[in-house]
Amino acid sequence: MEGLRKPKILIIYTGGTIGMIENPDTHSLEPFDFTHLIDNVPKIRMLEYDIDNIQFTPIDSSDMGPEGWADIATAIADNYHAYDGFVVLHGTDTMAYTASALSFMLQDLSKPVIITGSQLPIGEVRTDGEENLITALQIAAATAPNGRPMVQEVAILFENYLWRGNRSTKMSADNFNAFKSNNYPRLARIGLGIHFEETSLRRVTTDTKRLHLHTKMDRDMMFLDLNPGMTQSTMEHLLNTPGIKGIVMRTYGAGNAPTEQWFLDAISRTVERGVVIVNVSQCVNGGVHARRYASGDLLTRCGVVSGRDMTSEAAITKLMYLFGLGLTPPQVRSLIGMDLCGEITI
Ligand code: ASP
């Protein structure tokens, strides 16, 4: 009977601290294979799930990028109908980028893709990896009263919280609660039980069976972080980076930037060249309100597009995704401010 069927979960292991082991010679942590990881979590067998795994060559997530994201997204798409949910084990350093990229690549996703990892390797006595892995599996298997998956999006599970993937940022290099979504409520709180926040969870309204996979990401994007005192030559040099198509400009406060004429002229010339410049705030909480201050308004007049309350991670992967679809700069400009998969508040 369908109701008694064991949940089927696919674990995709990409590396990160969770599976790392100390090199006895250098004492540095190095990626290790999946068997080592699972052998350290015998409790997994207490979950009555059918669990399969795919292991990629384990890497430190500093080496993760568009090819790795495409591999993960393709593995999910290829196995989409065979599994109830997916758990991606990943390093924490670029986890928020991967979560954002996957959310764009897996359009119309209606099953859980839960990304987790840990701050301490799973073989260590005080590891957070065991709990994170088990909770991620439970979330990937959770169903709503109507039998549909409780989570129907890409999410990051870390310690006590489940966050929307494309709203998350790594906040701490050593706290077990390493992630936070500063502009969107948590999807679940993990305490004695797993308490889902149903009003925050994404629900797809279209045909729930069809996943649309897009793996092409355009890499000609970059961040431009403003700092007081930045010289004209530095600014011109960065804006004229050869081949660049999109820039996520990280501005002050509610989206403000210098008002000097050389700065505004340099921005205008870049926009006129067809480069899409997206304005996101250096503040982790709140976002761009382009018209609140005259300086932000000037940027809008130069053709800079507001990234509103998007994270930097979501903004840069959204640019990669939109240009990867082969869209023109005007098309990318008009889609940046739209909500594609819960990454922005309209
Ligand atoms: N450097 C590691 C990584 O991102 C850190 C971690 O997993 O926590 O792969």
Side-chain angles (χ1 to χ4, degrees), residues 11-41 44 53-73 75 86-103 105 113-137 139-140 154-163 165-182 190 217 219 223 284 311-314 316-317 320:
I11 300 179
I12 300 171
Y13 173 54
T14 69
T17 298
I18 190 162
M20 288 189 186
I21 209 159
E22 193 178 298
N23 178 320
D25 301 325
T26 62
H27 298 289
S28 294
L29 291 175
E30 291 176 359
F32 211 70
D33 74 20
F34 188 77
T35 336
H36 151 81
L37 190 136
I38 291 302
D39 285 350
N40 276 285
V41 195
I44 283 190
N53 70 80
I54 293 179
Q55 175 176 204
F56 295 160
T57 306
I59 54 169
D60 186 296
S61 74
S62 318
D63 283 321
M64 183 56 79
E67 290 79 22
W69 301 334
D71 289 344
I72 302 169
F86 303 86
V87 170
V88 180
L89 300 178
H90 193 287
T92 57
D93 290 348
T94 63
M95 187 180 283
Y97 291 90
T98 297
S100 300
L102 290 180
S103 73
M105 289 173 150
V113 173
I114 312 300
I115 312 182
T116 195
S118 65
Q119 296 278 44
L120 284 175
I122 208 141
E124 288 201 13
V125 184
R126 289 179 51 253
T127 186
D128 51 331
E130 178 180 77
E131 200 176 301
N132 284 348
L133 173 54
I134 289 179
T135 309
L137 287 166
I139 291 172
V154 180
I156 289 182
L157 176 275
F158 230 82
E159 189 75 357
N160 297 114
Y161 300 102
L162 182 74
W163 304 107
N166 55 29
R167 293 287 196 148
S168 305
T169 295
K170 182 172 179 180
M171 300 294 293
S172 170
D174 55 24
N175 280 350
F176 282 165
N177 270 312
F179 285 84
K180 193 159 183 218
S181 154
N182 291 292
I190 290 80
M217 298 295 255
R219 303 168 74 120
F223 285 125
V284 289
T311 61
S312 301
E313 295 90 331
I316 198 128
T317 51
M320 289 180 174

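Numbering of ligands and ligand atoms starts at 1, following listing order. Numbers here simply count residues along the sequence, with the first being 1.
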Given Val113, Ile115, Ile54, Leu102, the one that forms side-chain contact (heavy atoms from CB on, under 4.5 Å) with Ile72: Leu102
Ser118 N/O under 3.5 Å from ligand 1 N/O: yes
Close N or O approach (Thr17, ligand 1; < 3.5 Å): yes
Contact check: Asp93 vs ligand 1, nitrogen or oxygen atoms, below 3.5 angstrom: yes
Interatomic distance, Ile18 atom CD1 to His90 atom NE2 [nearest 0.5 angstrom]: 12.0 Å
Shortest protein contact, atom 4 (O) of ligand 1 (heavy atom only): Ser61 OG, 2.5 Å
Atom of Gly68, atom of Met64 and distance for their closest heavy-atom approach: CA-SD, 3.6 Å
Residue, atom name and distance, where the atom is the protein heavy atom closest to atom 8 (O) of ligand 1: Thr92 OG1, 2.4 Å
Interatomic distance, Thr116 atom OG1 to Leu157 atom CG [nearest 0.5 angstrom]: 5.0 Å
Side chains of Lys170 and Phe158 in contact at under 4.5 Å (non-hydrogen atoms): no
Backbone or side-chain N or O of Ser62 under 3.5 Å from ligand 1 N or O: no
Proximal atoms of ligand 1 relative to Gly16 (non-hydrogen, under 4.0 Å): 7 (O), 9 (O)
Donor + acceptor pair across side chains of Asn23, Glu30 (<3.5 Å): yes
